[in-house]
Amino acid sequence: MVRTPPRRRDRVWTVIAIAGMPLLAAGLIVASALGAFSGIRSLAPLSSPPVVADYDQEQRDNAATIMRAARDLGLSVRDQAIGIMTAMGESSLRNIDHGDWETSGVTNPDGTPTTSIGLFQQQDGWGSRAERLDPYMSAMLFYRAMIMRVPDRDTLAPTLVAHRTQINQDPDHYAWYWPRAVSLIEALSGEESGLDP
């Protein structure tokens with residue numbers, strides 16, 4: 001069988017197609033990068049949701065400990081997220097050994113220096129220093145107070161539950177952290193929470 005050479009026009013199109021492949025690949029890379037910056041999802045999934053990437057391993061471990069304390073008390077996923085939200089608002093999920101008095105000179109309403117420490121920035125009345133600096137125990141102290149002080153918590157906005165438990169000045173202080181807490185709890189559990197961020 002005799003093969004006939006391709007016509008000149010076919011050869012030209014083949015050369016153009018081959019030569020254009022690197023340009024097409026480069027265009028896809030640029031389009032993907034631009035899509036990432038403009039909020040368009042890229043084809044490849046992120047290794048973790050952006051909110052999780054905002055927290056380091058220590059912070060994620062502390063969030064997981066808060067979740068475990070709530071589960072050990074038989075509390076709901078919503079209560080777990082409220083605990084994480086509260087610790088985000090109090091300490092950025094860091095177990096710190098000082099509080100507002102040391103950093104800003106903040107006093108209690110009676111003028112005494114605050115004694116806040118730990119994930120939840122709990123003062124002396126919450127428990128011993130060792131308990132308040134133990135992530136699991138400080139979470140248990142928070143949840144026990146929440147159960148006692150906010151029996152109607154399922155009917156309240158999460159920030160109000162945290163506010164009534166912590167007894168701070170601003171009832172809305174924790175609201176900004178709620179969507180982040182929901183995202184983090186879902187990432188750590190690997191399950192949809194069913195919570196409305």
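The line from CD of Gln123 to OG1 of Thr112 is 7.0 Å long, rounded to the nearest 0.5 Å. Rounding to the nearest 0.5 Å gives a distance of 10.5 Å between CD of Gln80 and CG of Leu73. Note that OG of Ser189 is 9.5 Å distant from CG of Leu184, once rounded to the nearest 0.5 Å.
Screening Asn168, Thr165, Thr86 for a side chain to side chain donor-acceptor pair (under 3.5 Å) with Tyr174, the sole residue that qualifies is Asn168.
With hydrophobic clusters built from ILVMFWY side chains whose heavy atoms lie under 4.5 angstrom apart, Trp178 shares a cluster with Phe120. Placement of Met140 and Met146 within a single hydrophobic cluster is found when ILVMFWY residues are connected by side-chain heavy-atom separations under 4.5 Å, directly or transitively. Residue Phe142 is grouped with residue Tyr136 when hydrophobic side chains (ILVMFWY) are merged at heavy-atom distances under 4.5 angstrom, including chains of intermediate members. A single hydrophobic cluster is not seen to contain both Leu93 and Ile96; linkage of ILVMFWY side chains at heavy-atom distances under 4.5 Å, directly or through other members, places them apart. In this structure, Leu133 is not a member of the same hydrophobic cluster as Trp126, with clusters built from ILVMFWY side-chain heavy atoms closer than 4.5 Å.
Annotation for Gln169: atom CD does not count as buried by contact number, only 12 or fewer foreign heavy atoms lying within 6.0 Å.
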Determine, stepwise, if the pair Ser91 / Gln121 fulfils side-chain hydrogen bond (donor to acceptor under 3.5 Å, both in side chains).
-> CA-CA 7 Å; Ser91 68; Gln121 287 293 282; 5.9 Å; no
Verdict with reasoning, Gln122 to Ile117, per side chain to side chain contact (heavy atoms under 4.5 Å, CB included) = CA-CA 6 Å; Gln122 295 157 327; Ile117 55 174; 5.9 Å; no
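Within the 4.5 Å cutoff, the side chain of Arg71 has no heavy atoms near those of the Val77 side chain. With a 4.5 Å cut-off on side-chain heavy atoms, His163 and His173 do not count as touching. Taking 4.5 Å as the limit, every side-chain heavy atom of Tyr55 sits out of range of all side-chain heavy atoms of Asp61. Here the side chains of Arg78 and Pro158 are in contact, with some heavy-atom distance below 4.5 Å.
Across all non-hydrogen atoms, the minimal contact from Leu75 to Arg153 is CD2-NH2, 3.6 Å. Between Ala162 and Met85 the shortest heavy-atom distance is CB-CE, 3.6 Å.
Using a cut-off of 4.0 Å between Lys/Arg side-chain N and Asp/Glu carboxylate O, Arg132 and Asp124 are scored as salt-bridged. Here Arg94 pairs with Asp56 in a salt bridge; the nearest charged N to carboxylate O distance falls below 4.0 Å.
The backbone N or O of Ser128 lies less than 3.5 Å from a partner atom in the side chain of Glu131, making a donor-acceptor pair.
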